[in-house]
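Accompanying notes for the structure given below.
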Number of protein chains: 2
Amino acid sequence: MTRTRQAVLGLLESTKYPLSPSELYARLKKQNVAIDLVTVYRNLHALKAIGVVRQIKLHQEEQFRYEMEEGREHHHHIRCKSCGKIEDLLLCPLKKLTALIEQETRFLVGDHSLEFSGWCPKCQ
Amino acid sequence: MTRTRQAVLGLLESTKYPLSPSELYARLKKQNVAIDLVTVYRNLHALKAIGVVRQIKLHQEEQFRYEMEEGREHHHHIRCKSCGKIEDLLLCPLKKLTALIEQETRFLVGDHSLEFSGWCPKCQ
DNA sequence: TGCTATTTGCAATTTAATTGCATTAAATGA
DNA sequence: TCATTTAATGCAATTAAATTGCAAATAGCA
Ligand SMILES: [Mn+2]
Ligand SMILES: [Mn+2]
Ligand SMILES: [Zn+2]
Ligand SMILES: [Zn+2]
């Protein structure tokens, strides 16, 4: 547990929405944490491997994002098309649907990915 | 409308699931269509711009996929974690949910993206 | 402190996608 | 039909996120 890894973790813990590697990198620099971008990538990879962080890919974006696993159950996100603001959706409306899809497709359903986009209050 | 563009279109029309640029390229080569990969990309870009094809990004994959717009209303996909088989889901369960999410988040909801993954009949 | 296993920084690499540019093919219409 | 304009193509180079090799630095521990 190096000081750079602690800085990465601390930033993820204190942010309510998922962060991209380059966002993390920029904020750590602003906090005067000396860290290389590739180290951010490697820390995120390691933290994901041990189940501490969760990797998220939003449909409208090119980079991955990461958020803490702890205390954040399975949920989905909504993203503003204008300013990029990302917010958690606390509900998951799809649990009931799985059986229906299994019937229809004969697949055995594992996961799902769901996200919304639109316009946040400020951008409407 | 060049012969290469017609070949790309024909392949998309005759395939029931979305194709990636490299899949298209490989199949066109097998059909002895002389075409460069970058031309496949440019044709897909152009066809998307005029609303003929739809671009899809599946959460588990690194490449985009493309399917015809015509005759295929808004729908979602399921992908096999084992063999990669992709199938259409004909229903969209989320129309009713939009109002609820708008209430909760104060966002104005535009689009959504939804996909399932699991195991297809052959891979179970 | 000294030793070992990890982590880090820097440079190079990978892969999907995009762009510049000269060449080729399509399309228009006289 | 043929000349002229317009758009598409092939090849090489580039971009951007992510990954990897490797030597140097650091953490954890005796
Ligand atoms: Mn979240
Ligand atoms: Mn489809
Ligand atoms: Zn916004
Ligand atoms: Zn399968």
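A quick note: this is a predicted structure, and the numbers were derived from the prediction, not measured. We name chains A, B, ... by the order of the sequence lines, and we start the count at 1 in each one. Scope of the values below: all heavy atoms of this structure, side chains included, with no hydrogens, waters or symmetry mates.
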Residues in salt bridge (charged side-chain N to carboxylate O under 4.0 Å, His left out) contact with Glu115(A), at least two apart in sequence or another chain: none
Where along residues 40-55 of chain B does a heavy atom fall under 4.0 Å from DNA chain C? Tyr41(B), Arg42(B)
Considering residues at least two apart in sequence or located in another chain, which fulfil the side-chain contact (heavy atoms from CB on, under 4.5 Å) criterion with Arg42(A)? Val38(A)
Side chains of Ser117(A) and Gln60(A): is there a donor and an acceptor less than 3.5 Å apart? yes
Here the residues of residues 7-25 of chain B within 4.0 Å heavy-atom distance, strictly under, of DNA chain C are Pro21(B)
What distance separates Asp36(A) CG from Thr4(A) OG1, expressed to the nearest 0.5 Å? 10.5 Å
Is there a donor-acceptor pair under 3.5 Å between the side chain of His76(A) and the backbone N or O of Leu89(A)? no
Does Leu11(A) offer a backbone N or O that forms a donor-acceptor pair with the side chain of Ser14(A) under 3.5 Å? yes
Pairs flagged by salt bridge (Lys or Arg N to Asp or Glu O under 4.0 Å) wherever residues 93-113 of chain A is involved - sequence neighbours left out: Asp111(A)-Lys81(B)
Calculate the interatomic distance between Gln63(B) atom CD and dA17(D) atom P; express it in whole Å. 18 Å
With a cut-off of 3.5 Å and sequence neighbours excluded, list every side-chain donor-acceptor pair involving residues 48-58 of chain A.
{"residue": "Lys48(A)", "atom": "NZ", "partner": "Gln55(A)", "partner atom": "OE1", "Å": "3.0"}
{"residue": "Arg54(A)", "atom": "NE", "partner": "Glu69(A)", "partner atom": "OE1", "Å": "3.4"}
{"residue": "Arg54(A)", "atom": "NE", "partner": "Glu69(A)", "partner atom": "OE2", "Å": "3.4"}
{"residue": "Arg54(A)", "atom": "NH1", "partner": "Glu67(A)", "partner atom": "OE2", "Å": "2.9"}
{"residue": "Arg54(A)", "atom": "NH1", "partner": "Arg72(A)", "partner atom": "O", "Å": "3.2"}
{"residue": "Arg54(A)", "atom": "NH2", "partner": "Glu69(A)", "partner atom": "OE1", "Å": "2.8"}
{"residue": "Arg54(A)", "atom": "NH2", "partner": "Arg72(A)", "partner atom": "O", "Å": "2.4"}
{"residue": "Gln55(A)", "atom": "NE2", "partner": "Tyr66(A)", "partner atom": "OH", "Å": "2.9"}
{"residue": "Lys57(A)", "atom": "NZ", "partner": "Glu62(A)", "partner atom": "O", "Å": "3.3"}

Say whether, by atom type as modelled, one donor and one acceptor occur between the side chain of Gln124(B) and the main chain of Trp119(B) under 3.5 angstrom. yes
Contact list for DNA chain C against residues 27-39 of chain A - heavy-atom distance below 4.0 Å: Ala34(A), Ile35(A), Asp36(A), Val38(A), Thr39(A)
Holding to ring-ring contact (aromatic ring centres under 6.0 Å, His included), I want the full list of residues that pass it with Phe107(A), two or more places apart in sequence or in another chain. none
Residues that, via side-chain heavy atoms closer than 4.5 angstrom, fall in one hydrophobic cluster with Leu90(B): none
Name the one of Leu19(B), Thr2(B), Leu28(B) that satisfies side-chain contact (heavy atoms from CB on, under 4.5 Å) with Val8(B)? Leu28(B)
Which pairs count as ring-ring contact (aromatic ring centres under 6.0 Å, His included) when at least one residue sits in residues 77-98 of chain B, sequence neighbours excluded? His75(B)-His77(B)
How would nucleotides 23-30 of chain D be written as a contact map, 5' to 3', with B for base contact, S for sugar-phosphate-only contact and - for no contact, using protein heavy atoms under 4.0 Å? ----SS--
Map Arg5(A) and Phe64(B) onto DNA chain C by nearest heavy atom, then report which one ends up closer to the 5' terminus. Arg5(A)
Passing candidate, side-chain contact (heavy atoms from CB on, under 4.5 Å) with Tyr41(B), options Asn43(B), Thr39(B), Leu37(B): Leu37(B)
For a 4.0 angstrom threshold against heavy atoms of chain A, report the outermost contacting nucleotides of DNA chain C in 5' to 3' order. dT7(C) to dC10(C)
Distance col, row Lys85(A):NZ vs Lys122(A):NZ, nearest 0.5 angstrom, shows 6.5 Å
